[in-house]
*Asks:* 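Structure provided below as structure tokens; questions to follow.
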2 protein chains.
Amino acid sequence: MKSKITLKKIAKEFDVSISTVSKALKDSHEISEEVRERIKAFAKYYNYKPNSLAVNLRNQKTKTIGVIIPQIVHHFFTKVISGIEHIANENGYNVMICLSNESYEKEVLNMDMLESGIVDGIIVSVAKETEEKEDYKHFKQLIDNGLPLVLFDREIPEINCNKVIVDDFGGGFLATKHLMNISCKRIAIITTPDHVMVGKIRKEGYIQALTENNFPIQEELIIKVNEKYDITNQIQKLFDQANPPDGIFAVNEIYAATVIKIAQKRNLKIPDEIAIMGFTDGLISEYTTPSLSAVDQHGYTMGEKAMELLLDEINYQDSDYKYNTTIIETDLKLRESTKKQIISY
Amino acid sequence: MKSKITLKKIAKEFDVSISTVSKALKDSHEISEEVRERIKAFAKYYNYKPNSLAVNLRNQKTKTIGVIIPQIVHHFFTKVISGIEHIANENGYNVMICLSNESYEKEVLNMDMLESGIVDGIIVSVAKETEEKEDYKHFKQLIDNGLPLVLFDREIPEINCNKVIVDDFGGGFLATKHLMNISCKRIAIITTPDHVMVGKIRKEGYIQALTENNFPIQEELIIKVNEKYDITNQIQKLFDQANPPDGIFAVNEIYAATVIKIAQKRNLKIPDEIAIMGFTDGLISEYTTPSLSAVDQHGYTMGEKAMELLLDEINYQDSDYKYNTTIIETDLKLRESTKKQIISY
DNA sequence: ATATTATCCTCAAACGTTTGCGTAAAAAAA
DNA sequence: TTTTTTTACGCAAACGTTTGAGGATAATAT
């Protein structure tokens with residue numbers, strides 16, 4: 001294993017000082033053209049690359065940002081990452097991705113590591129377990145340490161920092177309203193336990209839509225899926241009721257796709273007997289049969305926006321920085337699972 | 001913005017030397033218990049974290065590895081990453097993910113950056129554009145620089161390094177054989193242009209299966225999709241033929257899912273009139289109707305294996321390291337899109 | 001010839017760690 | 001009391017880079 005070439009070695013080769021080499025490689029006018037060119041040629045030949053650890057240590061910045069996401073096997077998060085990457089690269093930043101796997105402990109570990117000077121800022125979507133524990137001291141610590149932080153999608157109200165969230169309330173409202181518009185009479189929701197904020201808020205949008213239109217709120221139409229157990233079984237129950245729903249709003253893609261599978265197994269006609277709305281950016285929706293109508297989360301835009309906010313804070317010089325919460329509006333991607341005659345909007 | 005706390009600042013606070021602080025924090029017996037405890041308490045209170053740039057510079061290693069993948073919005077790659085993360089974290093390594101977006105230029109850029117000392121090793125799946133250009137000098141350079149490299153999935157024969165690939169030939173063979181076993185008579189393949197190696201090799205498996213069983217090779221049954229144009233249109237042509245196929249092997253999930261959509265639009269019964277096999281690890285397959293039979297790529301296993309090989313090379317002391325190519329065997333995940341009576345195996 | 005300026009290079013500190021070695025003072029042994 | 005040992009800390013170099021200040025030599029101006 002050849003050891004890497006450094007300024008020192010080049011300097012020794014030409015019998016000049018390290019600073020001469022450094023300056024030559026940066027095309028400094030302080031170095032004669034002849035020496036400069038010879039050094040540059042040599043460096044190029046030996047594929048010299050400045051050691052970024054050293055450079056970063058010296059410059060006290062790394063041009064790298066860290067991203068902590070709960071899962072990567074999830075289309076929404078990969079879209080967000082693409083958006084982050086896009087803006088980051090445009091601005092000469094690299095992206096380091098870490099996974100929390102929805103675990104509090106891994107989230108803390110990752111943050112500890114990122115806090116040690118390798119990144120100029122951090123973008124995080126909170127792990128479910130952290131939301132459940134409501135233990136946010138690692139975030140407070142991060143901010144205390146002066147490291148710029150942006151939260152996206154799953155945010156924490158009590159933490160003061162830049163945020164970008166989707167309009168979950170509006171999305172839930174829109175989805176439910178749409179089901180009403182295609183004349184569904186009993187509209188169910190399949191959501192997460194309340195500690196998952198986005199699920200809770202989407203549900204609130206659902207409730208608002210019902211209330212506004214004088215639909216009763218019926219507990220038996222609200223399924224809170226516990227992912228520790230079989231999802232299909234929990235959703236099944238909705239169809240076993242005496243008076244099953246004719247419209248379902250599922251707060252994510254997997255729940256929605258599962259509903260389709262169940263409905264098909266029971267020979268229910270989609271969307272005529274049961275209409276289905278999802279909430280997703282995902283790929284599955286396009287390929288189910290029927291394809292799935294969904295609230296579009298605009299993950300890519302979200303990533304872009306998060307990175308922009310982070311850059312904003314990184315580049316801000318003064319101490320009176322003002323945090324911003326950007327809300328990404330949702331809209332509906334209507335496909336086949338709700339394709340009935342639309343009555344009104 | 002508070003500036004971060006360092007050994008120097010702690011040292012000044014206690015009026016001791018930097019080394020005393022460093023040693024105290026590492027519980028060195030060289031430091032008296034009293035001083036040790038006071039320093040540790042102080043450091044903990046102020047949330048001291050060693051600057052990893054400095055530590056890494058000093059130790060000449062970073063406990064971080066870099067991964068370059070062509071796309072992240074692709075379930076196979078996310079699975080691989082999960083596998084890599086798993087083994088990496090188990091061994092105290094962090095993972096830095098970079099996207100090449102299938103672009104040669106971005107691949108080179110990412111490698112340049114990773115080569116600058118921030119990682120102890122690199123795992124790469126080659127970008128399509130690079131395969132097309134057949135320009136691999138950045139890989140050669142990397143190896144020349146002595147940085148451990150593992151290629152996965154899309155490999156380069158002429159580059160000498162650790163590799164982990166799926167048995168694409170075997171997969172293609174198995175898939176085709178299975179279609180024959182459910183009595184398909186005209187079996188088509190939807191693949192990539194030949195410069196995408198995995199597509200090419202899967203096709204070779206397909207051809208082998210046909211040949212072995214005295215099926216003719218028919219050019220009109222081989223579709224090479226150019227992703228620059230509309231995928232659906234290109235695949236459609238298969239069905240417009242005078243004598244359309246009754247079995248289709250698609251080399252990836254999107255192609256396969258697209259076939260389902262097309263078949264449905266044409267009211268072809270799956271699998272009776274047309275059976276479909278995919279090649280994927282993806283989520284879509286489970287949720288299409290009918291669900292999709294596919295060659296399982298074992299992405300997670302692949303990631304684990306790649307990371308293990310990388311660690312192997314990183315930890316190898318002597319200079320006689322021997323490279324290894326691990327082949328991940330494929331198997332079939334049979335679902336509804338080929339659910340006919342199986343004749344024999 | 002002397003003073004001034006331009007050219008080309010080196011010095012040295014700094015970024016924040018780690019760690020082998022040296023050493024003063026205190027404690028123990030002779 | 002003197003010698004030896006132990007305890008508890010500091011020194012300084014090293015990792016690889018950047019950069020302002022300074023210095024020697026050569027070129028130009030006076």
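None of the values given here were measured: they were computed from a predicted structure. The sequence lines fix the lettering, A, B, ..., with proteins before strands; numbering per chain opens at 1.
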*Asks:* Roughly how many Å is it from CG in B/L7 to C1' in C/dT19, rounded to a whole number?
*Replies:*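 Going from CG in B/L7 over to C1' in C/dT19 covers 13 Å.
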*Asks:* Among D/dT17, C/dT17, C/dT19, find the nucleotide with the atom closest to the side chain of B/K26.
*Replies:*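 Looking only at side-chain atoms, B/K26 lies closest to C/dT19.
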*Asks:* Grab the CD1-C1' distance between A/I118 and C/dT17 for me, whole Å please.
*Replies:* 15 Å
*Asks:* Is a donor-acceptor contact shorter than 3.5 angstrom present between the side chain of A/K9 and the base of D/dG16?
*Replies:* no
*Asks:* Expressed as a whole number of angstroms, how long is the span from B/K8:NZ to C/dA13:P?
*Replies:* 12 Å
*Asks:* B/Y300 ring centre to B/K79 NZ or CZ under 6.0 Å, with the angle to the axis within 45°?
*Replies:* no
*Asks:* Do the charged groups of A/K63 and A/D120 touch, with an N to O distance under 4.0 Å?
*Replies:*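 Salt bridge absent between A/K63 and A/D120.
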*Asks:* What contact category does A/S32 fall into here, base, sugar-phosphate, or nothing, at under 4.0 angstrom with non-hydrogen atoms?
*Replies:*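 A/S32: backbone/sugar contact only, no base atoms under 4.0 Å.
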*Asks:* On the nucleotide D/dG16, are OP1 or OP2 found under 4.0 Å from the side-chain N or O atoms that A/Y48 carries?
*Replies:* no
*Asks:* Find which nucleotide of DNA chain C each of B/K23 and B/L53 is nearest to by heavy atoms, and output the residue with the more 5' nucleotide.
*Replies:* B/L53
*Asks:* In whole angstrom, what separates B/Q60's CD from D/dG16's P?
*Replies:*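 Rounding to the nearest Å, CD of B/Q60 and P of D/dG16 are 4 Å apart.
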*Asks:* Between D/dT19 atom C1' and A/H29 atom NE2, what is the distance in whole Å?
*Replies:* 12 Å
*Asks:* Between C/dC15, C/dG16, D/dT17, which nucleotide has the shortest distance from any of its atoms to the side chain of B/A54?
*Replies:* C/dG16
*Asks:* Using a heavy-atom cut-off of under 4.0 Å over every strand shown, decide if A/F14 touches base, sugar-phosphate, or nothing.
*Replies:* nothing
*Asks:* Does B/E33 or B/L57 map to a spot on DNA chain D nearer the 5' end, using the closest nucleotide for each?
*Replies:* B/E33
*Asks:* Quick one: label B/S22 by what it contacts on the DNA or RNA (base, sugar-phosphate, nothing), any heavy atom closer than 4.0 Å.
*Replies:* base
*Asks:* Would you indicate what B/E30 reaches in the nucleic acid, counting non-hydrogen atoms under 4.0 angstrom: base, sugar-phosphate, or nothing?
*Replies:* base
*Asks:* Can you name the nearest heavy-atom pair linking B/I122 to B/L147, along with the distance?
*Replies:*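 Taking B/I122 first and B/L147 second, the nearest heavy atoms are CD1-CD2, 3.7 Å.
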*Asks:* Over how many whole Å does the gap from B/I18 atom CD1 to D/dC11 atom P extend?
*Replies:* 10 Å
*Asks:* Roughly how many Å is it from CD1 in A/I31 to P in D/dG20, rounded to a whole number?
*Replies:* 14 Å
*Asks:* Can you tell me the distance, in whole Å, between the NZ atom of B/K61 and the P atom of D/dG16?
*Replies:*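 Interatomic distance, NZ of B/K61 to P of D/dG16: 15 Å.
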*Asks:* Search all heavy atoms of A/Y316 against all heavy atoms of A/D320 and return the closest pair with its distance.
*Replies:*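 Closest approach of A/Y316 to A/D320, heavy atoms only: OH-OD1, 2.9 Å.
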*Asks:* I'd like to know if A/S19 reaches the base of C/dC11 with its side chain, counting only an N/O donor and acceptor under 3.5 Å.
*Replies:*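 Indeed, a donor on one side and an acceptor on the other fall under 3.5 Å apart.
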*Asks:* What is the minimum heavy-atom distance between A/K40 and A/A24, and which atoms define it?
*Replies:* CD-O, 3.7 Å
